[in-house]
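The chains referred to below are lettered A, B, ... by the order of the sequence lines, with proteins before strands, and numbering in each begins at 1.
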Amino acid sequence: MVVTRIAPSPTGDPHVGTAYQALFNYVFAKQQGGKFIVRLEDTDRSRYNPTSERRILEMLDWLGLVPDESPAKGGPNGPYVQSQRLPIYHRYVQILLEKGAAYRAFDTPEELAAAREEARRAGRLEQGYNRRYRDYPVEEAERRAAAGEPHVVRLKVPLEGKTIVHDLLRGPVEFDNAMLDDKVILKADGYPTYHLAAMVDDHLMGVTHVIRAEEWLTSTPFHILILRAFGWEEPVWCHTPLLRNPDKSKLSKRKMDTSVESYRAQGILPEALLNYLGTMAWSMPDGREIFSLQEMIEHFSLERISLGGPVFDLNKLKWMNGKYIREVLSLDDLTERVKPFLKRRGLAWPSEVYLKQVVEAMRPRFDTLEEFVDKALYFFTEAYPLQAKAQAKLEEGRPLLPALQALLASLPDLLPETTEPALRGFAEAKGLKPAAVMQPLRAALTGSLETPGMFDLLMILDKERVLARLARYTSQ
RNA sequence: GGCCCCAUCGACUAGCGGUUAGGUCACCGCCCUUUCAAGGCGGCGGCAGGGGUUCGAAUCCCCUUGGGGUCACCA
């Protein structure tokens, strides 16, 4: 059975890169009838963020990428939080030590820094750790360890030969073992590094496909060496391109908004975010750009992942979100989604029917849920702003307002069938273009020059409110 | 800098030896129109460069250039 996983580390805000990886791992697993696991990699105690775990899990839930096994849900391979698996790692480190595949190293961080500095100054070719303890007598190392001397455990990497990563998307990628160094697998604080923990867990959890970001490609030979040291089978490796900033560098919160929570707060829909991420380095065989998670599962293949690093384009994300708002969601669904955004701004709506009318009228005019609130304020409060351009139009047409007020007051109702001929007739009688009447009226009723059509506006606002708002400008 | 990956319009991409190089976002124009949108129609714009292979290269190979990643007791 296919088993995939994501292994986010709880160090901060839930990241779109995590969502991206989750999407591909989830979709592939589901398509193959397999399992999708979430495992928290919290072995870096210094960067640990206590709220991060919960928020990452919430993000996946919001997106609808429901894991089969996770810290929250549990499963047969738990625990799913690495800090709770320390005894497991210690056991496996011991095995490597006994096999002579790893060794204890007593260098202090200061010594390592000094050695690095010296190597740099000497302009030496070889990179990384100088292997000072690689051939240190085992009995002596054990004695010092037993005496409680702080130390790390490093993998004994072969000095010669090549390690070949068979990447699903790139074919064989060769690395000279001489270019590798003896990486730390167990830190002085007793926590494993990513390299060891991930390989042990992937093996124990039966992960068959490691689909992860390209930044891991160059440490894959090291992972393969760990696997070999244990005598374990390799998973299928599949390194996907990195999401990029507009300047093509790796997506980062310094240059871009990378927080999924932030997009959610702006009123980006989970379906749209997922859909957009699904078009990053992947495409539907038939070229369609709007597709659901389910449709992606139906047509997905890892082979269709292209290798160029895609720039995360806010502009297109917004467009796609707008597409979902006006063409994919039902009116009822959209109306429901808009509610929390109104509430958060302290706005209320008189009835379900009213809200739905407003949403329908506004539908082609907003791309995010937050934008809906911004642009539809005058439907929900009398304290809407009068924009400068609208004010100018209003002043221009101010002389018309009393007559318009009288006209509208005289009508039996403000339905479009009634108001359209009335207003057009009014303009014609005055020898004016319709716009010369509509624009000042629009400005008076909404404080804006960007609104739904006048006749919809009048109907939704209702007679009483229309007249009251007009009275603001005619009663002095 | 060493090592590794990558390379089609400004952005996302289709293409997997023979296409007038297609679509989407953005941009521009037109239409629709009471405003703003949405929508429709049209336009601008690309195979990084150089060598090969081949009857024929965006497609295969090599080099150059460019971009990115990685070189932590972080993941």
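If you take atom P in B:rU20 and the same atom in B:rG68, they sit 37 Å apart, rounded to whole Å. One P atom belongs to B:rU59, the other to B:rG51, and the distance between them is 14 Å to the nearest Å. Straight-line distance between the C1' atoms of B:rA57 and B:rA21: roughly 13 Å, to the nearest whole Å. Between B:rC16 and B:rC60, the distance separating the two P atoms is 11 Å to the nearest Å. Going from the P atom of B:rC28 to that of B:rA37 covers 11 Å, rounded to whole Å. Between B:rU53 and B:rC44, the distance separating the two P atoms is 36 Å to the nearest Å. Between the C1' atoms of B:rA72 and B:rA11, the separation comes to 35 Å (whole Å). When the C1' atom is used for both B:rG46 and B:rU19, the distance is 15 Å, rounded to whole Å.
Under the 30°/60° scheme for interplanar angles, the aromatic rings of A:H239 and A:W237 are found to lie parallel. Ring geometry, A:F300 versus A:F28: the interplanar angle exceeds 60°, so the pair is classed perpendicular (tilted spans 30 to 60°).
Between A:Y136 and the choices A:R144, A:R131, A:R104, the side chain to side chain donor-acceptor pair (under 3.5 Å) rule is met once, by A:R144.
Contact annotation: A:K187 side-chain N/O to B:rC74 OP1/OP2 distance is under 4.0 Å. Taking 4.0 angstrom as the limit, A:R288 places none of its side-chain polar atoms (N or O) nearer than this to OP1 or OP2 of B:rG23. The side chain of A:K389 contributes no N or O atom lying less than 4.0 Å from OP1 or OP2 of B:rU35.
Around the CD atom of A:E160, the shell of radius 6.0 Å holds no more than 12 heavy atoms that belong to other residues, nucleotides or ligands. More than 12 heavy atoms of other residues, nucleotides or ligands lie within 6.0 Å of CD in A:E215, so this atom counts as buried by the packing criterion.
For A:R326, the listed nucleotide lying nearest its side chain is B:rA38; candidates were B:rU34, B:rA38, B:rA14. Of all nucleotides listed (B:rU34, B:rA26, B:rC3), B:rU34 comes nearest to the side chain of A:F455. Residue A:P364 has its side chain nearest to B:rA37 when only B:rA37, B:rC25, B:rG69 are considered. Comparing B:rC74, B:rG39, B:rU34 against the side chain of A:K323 picks out B:rG39 as the nearest. Side-chain proximity of A:S249 to B:rA75, B:rG23, B:rG69: nearest is B:rG69. Distances were taken from every side-chain heavy atom of A:F175 (C-beta onward) to each of B:rC12, B:rC4, B:rA72; the shortest belongs to B:rC4. Taking only side-chain atoms of A:E214, from C-beta outward, the nucleotide of B:rA75, B:rC5, B:rU70 with the closest atom is B:rC5. Which of B:rU35, B:rG69, B:rC73 sits closest to the side chain of A:K250 comes down to B:rG69. Checking B:rA11, B:rA75, B:rA14 against the side-chain heavy atoms of A:K248 singles out B:rA11 as nearest. Side-chain proximity of A:D313 to B:rC12, B:rA11, B:rU35: nearest is B:rA11.
Searching all strands for a Watson-Crick or G-U wobble partner of B:rC71 with both distances below 3.5 Å returns B:rG1. Figure legend. B:rA7 is base-paired to B:rU65; pairs are counted as Watson-Crick or G-U wobble with both atom distances under 3.5 Å. Nucleotide B:rC41: paired with B:rG29 (Watson-Crick or G-U wobble, both distances less than 3.5 Å). Across the strands present, B:rA57 finds no partner; the criterion is a Watson-Crick or G-U wobble pair with both atom distances under 3.5 angstrom.
Following rounding to the nearest Å, A:L414 (CG) and B:rU34 (P) show an atom-to-atom distance of 19 Å. Rounded to an integer number of Å, the gap from CG of A:L169 to P of B:rG68 is 21 Å. The nearest whole Å value for the distance from the NZ atom in A:K318 to the C1' atom in B:rU24 is 18 Å. Whole-Å rounding puts the A:Y378 OH to B:rC36 P distance at 14 Å. As a whole-Å value, the separation of A:Y276 OH from B:rU13 P is 8 Å. Across the protein-nucleic acid pair, A:W319 atom CH2 and B:rA26 atom P stand 8 Å apart, rounded to whole Å. When the P atom of B:rG69 is taken as reference, atom CG of A:L251 falls 11 Å away, rounded to whole Å. The separation between A:M280 atom CE and B:rU13 atom P is 5 Å, rounded to whole Å.
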Nucleotide N/O of nucleotides 44-49 of chain B paired with protein N/O under 3.5 Å:
none

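For A:Y194 and A:H223, the ring centers are positioned less than 6.0 Å apart. Annotation: A:Y133 is in aromatic contact with A:F106 [ring centroid separation under 6.0 Å].
No engagement by A:G287 is indicated, since no non-hydrogen atom pair under 4.0 Å with the nucleic acid exists. Within the 4.0 angstrom heavy-atom criterion, only backbone atoms of the sugar-phosphate kind lie near A:R304; the bases stay farther away.
Of all the heavy atoms in A:Y378 and A:T451, the pair that sits closest is OH-CB, 3.4 Å.
Between A:L423 atom CG and A:F455 atom CZ the span is 5.5 Å, to the nearest 0.5 Å. Once rounded to the nearest 0.5 Å, the distance linking NE2 of A:H15 with OG of A:S259 reads 9.0 Å.
Between A:R326 and A:D367 there is a salt bridge, with a side-chain nitrogen of the basic residue lying less than 4.0 Å from a carboxylate oxygen of the acidic one. Between A:E289 and A:K316 there is a salt bridge, since a side-chain N of the basic residue sits under 4.0 Å from a carboxylate O of the acidic one. Under 4.0 Å is where a charged nitrogen must lie from a carboxylate oxygen, and between A:R39 and A:D202 at least one such pair does.
Heavy-atom distances under 4.0 Å link RNA chain B to A:V152 of residues 145-153 of chain A, given in residue order.
Between the side chain of A:K316 and the base of B:rU24, a donor-acceptor pair under 3.5 Å is found. Interface remark: the A:R365 side chain does form a donor-acceptor pair with the B:rC36 base, using a distance-only criterion of under 3.5 Å.
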